Every structure is written in structure tokens, then in C-alpha cells.
Amino acid sequence: RVQLVESGGGSVQAGDSLRLSCAASGPPIPVMAWFRQPPGKERVAVAGLFAGNMPPFYNDAVKGRFTLARDYADNTDNTWSLQMNNLQPEDSAMYYCAARLGPLADEDWPKMGSYQYWGQGIQVTVSS
């Protein structure tokens, strides 16, 4: 069974940076992603990453500001980070990491239903 644990959220000012991390227990994760859900709104995909050399996918709203990457500091394939720069108030949301075991078509990365495992979520608040 896969368990996901997020860390790194918090409250910052507009223009600041934060780095979210997600650590997964269990087998190697071939597809990982971050989603976010502002209060009263739907959960949407922020960034997704497939195993191998394919570059990450990004929501247009964060492209150029957010960077998703695997973090090999613990010598596993099961930790990934989301570096968030130049944060804006509209980035405020609960952020969730998600993981999928098994293959996935590229175009399905932003769909919530593509992921079998979810973290509990971590709050990011950006003040103007």
C-alpha cells in the first residue's frame, strides 16, 4: 500500500518562494503529481511527472514559476518536490500530492481519476 506524506507548506508574502515535498512509501512510483484546491473551488492539477526522461507537465497558471522534480536525496525514486517561486495570492490553496502505479497516457496526467493514492494535503497561503 502506498502512503504519501507532504511537507513544506506555510504562509508567505507575494513574491516569496516555498518548496513542497512529498514522500511515498511502497514500490517505485512511475507517475506523480501535485494538485491544489482553493477554498470553495475544485481540485486542479498543478504539475505532473512521469518516470524516465520526459519533462514535467505544468498547468499554464504556474508555468515558469513552479518546478516539479524527483528528489533523489534519499536515494529512492519516491520523493518529489515542487519548488514554487514568485508566489501570488491566487496560489493560495490546499496542495495535494498524488501517485499512480501503472502506465498512464500523457494527456491523462491532469485528471484526478488517474491517481490511486493521495496525500492528506498541506496548506499554502500567500498574502498580498
Side-chain angles (χ1 to χ4, degrees):
R1 187 174 178 273
V2 175
Q3 289 185 309
L4 306 178
V5 178
E6 300 112 333
S7 61
S11 297
V12 296
Q13 298 291 316
D16 286 349
S17 299
L18 278 176
R19 185 173 183 268
L20 304 182
S21 291
C22 182
S25 62
I29 304 297
V31 186
M32 59 187 73
W34 283 96
F35 285 71
R36 68 185 183 187
Q37 186 169 16
K41 297 186 178 180
E42 294 184 348
R43 192 176 299 187
V44 297
V46 173
L49 182 64
F50 288 67
N53 295 324
M54 187 182 298
F57 295 94
Y58 296 99
N59 184 310
D60 285 346
V62 306
K63 204 172 290 185
R65 300 187 298 122
F66 289 15
T67 302
L68 172 61
R70 288 184 188 261
D71 181 356
Y72 294 102
D74 61 351
N75 294 318
T76 75
D77 289 337
N78 278 8
T79 303
W80 56 100
S81 63
L82 184 69
Q83 177 67 40
M84 305 184 295
N85 297 330
N86 191 22
L87 283 161
Q88 300 299 315
E90 54 266 33
D91 295 317
S92 296
M94 188 71 78
Y95 283 71
Y96 297 88
C97 66
R100 175 184 176 86
L101 299 179
L104 182 71
D106 295 355
E107 61 267 27
D108 290 334
W109 82 267
K111 300 176 181 177
M112 286 185 59
S114 296
Y115 301 89
Q116 301 124 324
Y117 303 98
W118 292 83
Q120 292 297 307
I122 193 163
Q123 182 67 40
V124 172
T125 302
V126 185
S127 302
S128 58

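A quick note: this is a predicted structure, and the numbers were derived from the prediction, not measured. The analysis underlying the following values was restricted to heavy atoms, covering all of them including side chains, and did not include hydrogens, waters or symmetry mates.
Every residue was checked against the salt bridge (Lys or Arg N to Asp or Glu O under 4.0 Å) condition with Asp16, not counting sequence neighbours, and none meets it. For the salt bridge (Lys or Arg N to Asp or Glu O under 4.0 Å) test, residues two or more places apart in sequence or in another chain that qualify with Arg65 are Asp91. Scanning for side-chain hydrogen bond (donor to acceptor under 3.5 Å, both in side chains) contacts around Asp60 gives Lys63, with sequence neighbours left out. Partners of Tyr96 under the ring-ring contact (aromatic ring centres under 6.0 Å, His included) rule, at least two apart in sequence or in another chain, do not exist in this structure.
The disulfide bond (SG atoms under 2.5 Å apart) contacts involving residues 87-128 comprise Cys22-Cys97, where partners must be two or more places apart or lie in separate chains. Pairs engaging residues 98-128 under the disulfide bond (SG atoms under 2.5 Å apart) rule: none recorded [sequence neighbours left out].
Checking side-chain atoms of Asn59 against main-chain N and O of Ala45 turns up a donor-acceptor pair under 3.5 Å. A donor-acceptor pair under 3.5 Å is formed between the side chain of Tyr115 and the backbone N or O of Trp109. Of the possible donor and acceptor atoms, one in the side chain of Arg100 sits under 3.5 Å from a partner among the backbone N and O of Ser114. At distances below 3.5 Å, not a single donor-acceptor pair connects side-chain atoms of Ser81 with backbone N or O atoms of Ser21. Looking only at distances, a side-chain donor or acceptor of Gln88 sits under 3.5 Å from a matching main-chain atom of Asn86. Side-chain atoms of Glu6 come within 3.5 Å of backbone N or O of Gln120 as a donor-acceptor pair. Side chain of Gln37 to backbone of Val44: no donor-acceptor contact under 3.5 angstrom is found. In this structure a side-chain-to-backbone donor-acceptor pair under 3.5 Å is present from Ser25 to Gln3.
Distance check: Asp106 CG to Asp108 CG gives 9.0 Å after rounding to the nearest 0.5 Å. Here CG of Leu101 is found 4.5 Å from CD1 of Ile29. Values are rounded to the nearest 0.5 Å. The line from CG of Asp71 to CG of Asn78 is 11.5 Å long, rounded to the nearest 0.5 Å. Here the OG-CG distance, from Ser11 to Leu18, works out to 8.5 Å after rounding to the nearest 0.5 Å. Note that CZ of Phe35 is 6.5 Å distant from CE of Met112, once rounded to the nearest 0.5 Å. Here the CZ atom belonging to Arg36 is positioned 14.0 Å from the CD atom belonging to Glu42, to the nearest 0.5 angstrom.
Linking Ile, Leu, Val, Met, Phe, Trp and Tyr whenever their side-chain heavy atoms come within less than 4.5 Å leaves Val12 and Met94 in two separate clusters. Hydrophobic clustering (side-chain heavy atoms under 4.5 Å, transitive across Ile, Leu, Val, Met, Phe, Trp, Tyr) keeps Val31 apart from Leu4. Using a 4.5 Å cut-off between side-chain heavy atoms of Ile, Leu, Val, Met, Phe, Trp and Tyr, with links allowed through other members, Leu49 and Ile122 fall into the same hydrophobic cluster. Under the 4.5 Å side-chain heavy-atom criterion for Ile, Leu, Val, Met, Phe, Trp and Tyr, Val2 and Leu104 are members of distinct hydrophobic clusters. Note on Val46: it clusters hydrophobically with Met84, by side-chain heavy-atom contacts below 4.5 Å among ILVMFWY residues.
Across all non-hydrogen atoms, the minimal contact from Ala14 to Pro89 is CB-CD, 4.2 Å. Smallest separation of non-hydrogen atoms from Tyr58 and Thr67: OH-CA, 3.3 Å.
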Quick one: do Leu68 and Trp80 satisfy side-chain contact (heavy atoms from CB on, under 4.5 Å)? Show the steps, please. CA-CA 7 Å; Leu68 172 61; Trp80 56 100; 3.8 Å; yes
Give the intermediate values and the outcome of side-chain contact (heavy atoms from CB on, under 4.5 Å) for residues Trp34 and Leu20. CA-CA 9 Å; Trp34 283 96; Leu20 304 182; 3.7 Å; yes
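Remark: Arg43 qualifies as a cation-pi partner of Trp118 under the 6.0 Å distance and 45° angle criteria applied to the six-membered ring.
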